[in-house]
Amino acid sequence: MAQQLARLRKAARVILVGAPGCGKGTQSVRLLERYPQLTALSSGDLLRQNVLKKTPIGLEAEQVMRTGGLVSDSIMVKLIVGELSQRGWIESRVTHAAGLAYPSSASSKLNSSSDLPSASFMLDGFPRTQGQAVRLDEEVSMNFVVNIDVPHDIILDRISNRLVHPPSGRVYNLTWNPPLVPGLDDITGEKLVRRPDDCPETFKKRLDAYTAATLPLLEHYDRAGVLFTVKGNTSDEITPALVREVAKRFG
């Protein structure tokens, strides 16, 4: 689906929420292509970059990971706030160490977010739970949370018909995007495979776990008045509705 470029008139601070296999990655790419002012921020990438650069927060996270622990929500929020501060997208109530912004607990006032369109961003990978959303809310005012709602039976059908070319990441679907030669990659002619976790029975368990974990998150943002749920069976159904809502709120 070709994307026509469009302009935002004020800052969009976006979170995309959706079950595995719902096409969230497709919607993310389409939004980024349509709105050049929008920037994707991956919490995983920020973590890896800070560990590699040995920033204070990166060293803190690395120490946790070395002991087999999970990086805490507070560390992840620090990473996000630090990145937004460095980009000038929020005016953070911070102390600075080695160029990295740390949220300060000395004040309960929310960081001031820029309303310039160029300060628009979309978070990837965080928050995933209500608790994480609460921690993020203490620092950044997110103003658009998109819940991509695709029926689970549709997702399971996609998964059962999905083949991938691991070296390139190319994805095929036997129903609507089959390879030119059955079982072979269109570019290299190499064998296509099914992902180990693409078994429908296994994937259904993932969907059930996602629903249980995500419902409180969606309720949280619904109460905040920033949740938009878009329903559809295909990405091409969902994109026009999502674009219309972005234009309504930020165009």
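Values reported hereafter were calculated over all heavy atoms of this structure, with side chains retained and with hydrogens, waters and symmetry mates removed.
Checked by atom type and distance alone, the side chain of Asn173 never pairs as donor or acceptor with a backbone atom of Leu163 at under 3.5 Å. Tyr221 contributes no side-chain N or O that, together with a main-chain N or O of Asn143, makes up a donor-acceptor pair within less than 3.5 Å. For Thr67 (side chain) and Val64 (main-chain N/O), a donor-acceptor pair under 3.5 Å exists by modelled atom type. Side-chain atoms of Ser114 do not come within 3.5 Å of backbone N or O of Trp89 as any donor-acceptor pair. Arg13 places no side-chain N or O within 3.5 Å of a backbone atom of Val140 that could act as its donor or acceptor partner. Within the 3.5 Å criterion, the main-chain N or O of Thr211 finds no donor-acceptor partner in the side chain of Thr214. Distance alone, capped at 3.5 Å, is enough to place a donor-acceptor pair between the Tyr172 side chain and the Asp186 backbone. Under the 3.5 Å distance criterion, the side-chain polar atoms of Arg9 are left unmatched by any main-chain donor or acceptor of Phe250.
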Review item, side-chain donor-acceptor pairs of residues 121-136, under 3.5 Å, at least two apart:
residue	atom	partner	partner atom	Å
Arg128	NE	Gly125	O	3.2
Thr129	OG1	Gln132	N	3.2
Gln132	OE1	Arg128	N	2.5
Gln132	OE1	Thr129	N	3.4
Gln132	NE2	Asp73	OD1	3.2

Name the atoms and distances for all side-chain donor-acceptor pairs under 3.5 Å in residues 19-29, with sequence neighbours left out.
residue	atom	partner	partner atom	Å
Gln27	OE1	Thr239	OG1	2.8
Gln27	NE2	Ser235	O	3.2
Gln27	NE2	Thr239	OG1	3.2

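What you find for Ile15 and Met142 is that their closest heavy atoms are CG1-CE, 3.6 Å. Counting all heavy atoms, side chain and backbone alike, Ala241 lies closest to Val230 at CB-CG2, 3.7 Å. Pairing each heavy atom of Leu38 with each of Ala12, the nearest pair is CD1-O, 4.2 Å. When all heavy atoms of Pro117 and Ser120 are compared, the closest pair comes out as O-OG, 2.7 Å. What you find for Ser113 and Ser141 is that their closest heavy atoms are OG-N, 4.2 Å. Taking every heavy atom of both residues into account, Pro200 and Leu156 meet most closely at O-CD2, 3.7 Å.
Side-chain atoms of Thr55 and Asn50 form a donor-acceptor pair, as typed in the model, at a separation below 3.5 Å.
Under a 4.0 Å N-O distance rule, the pair Glu83/Arg87 qualifies as a salt bridge. Checked for salt-bridge contact, Arg30 and Asp236 meet the test: a charged N lies under 4.0 Å from a carboxylate O. Taking 4.0 Å as the cut-off between side-chain N and carboxylate O, Lys10 and Asp115 do not count as a salt-bridged pair. In this structure, Arg48 pairs ionically with Asp45, as a charged nitrogen and a carboxylate oxygen lie closer than 4.0 Å.
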Test log, rule side chain to side chain contact (heavy atoms under 4.5 Å, CB included), inputs Leu184 and Glu190:
CA-CA 5 Å; Leu184 301 180; Glu190 295 171 339; over 6 Å; no
Tell me, with the steps shown, if Leu207 and Ile155 meet side chain to side chain contact (heavy atoms under 4.5 Å, CB included).
CA-CA 9 Å; Leu207 292 175; Ile155 293 176; 4.2 Å; yes
For Arg66 and Glu62, what are the C-alpha separation, side-chain angles and deciding distance, and is it a salt bridge (Lys or Arg N to Asp or Glu O under 4.0 Å)?
CA-CA 6 Å; Arg66 278 181 175 172; Glu62 186 177 30; 3.5 Å; yes
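To the nearest 0.5 Å, atom OG1 of residue Thr234 and atom CD1 of residue Ile154 are 9.0 Å apart. Ile90 CD1 to Leu84 CG: the interatomic distance, rounded to the nearest 0.5 Å, is 5.0 Å. Distance check: Asp153 CG to Lys204 NZ gives 11.0 Å after rounding to the nearest 0.5 Å. Note that CG of Leu242 and CG of Leu16 are 7.0 Å apart. Values are rounded to the nearest 0.5 Å. Annotation: the span from Asp157 atom CG to Arg162 atom CZ amounts to 12.0 Å, rounded to 0.5 Å. Here the CD1 atom belonging to Ile75 is positioned 13.5 Å from the CG atom belonging to Leu46, to the nearest 0.5 angstrom.
The number of heavy atoms from other shown groups lying within 6.0 Å of CZ (Arg223) is above 12.
With a 4.5 Å cut-off on side-chain heavy atoms, His165 and Thr188 count as touching. In this structure, Arg244 and Pro240 have side chains that are in contact, with non-hydrogen atoms separated by less than 4.5 Å.
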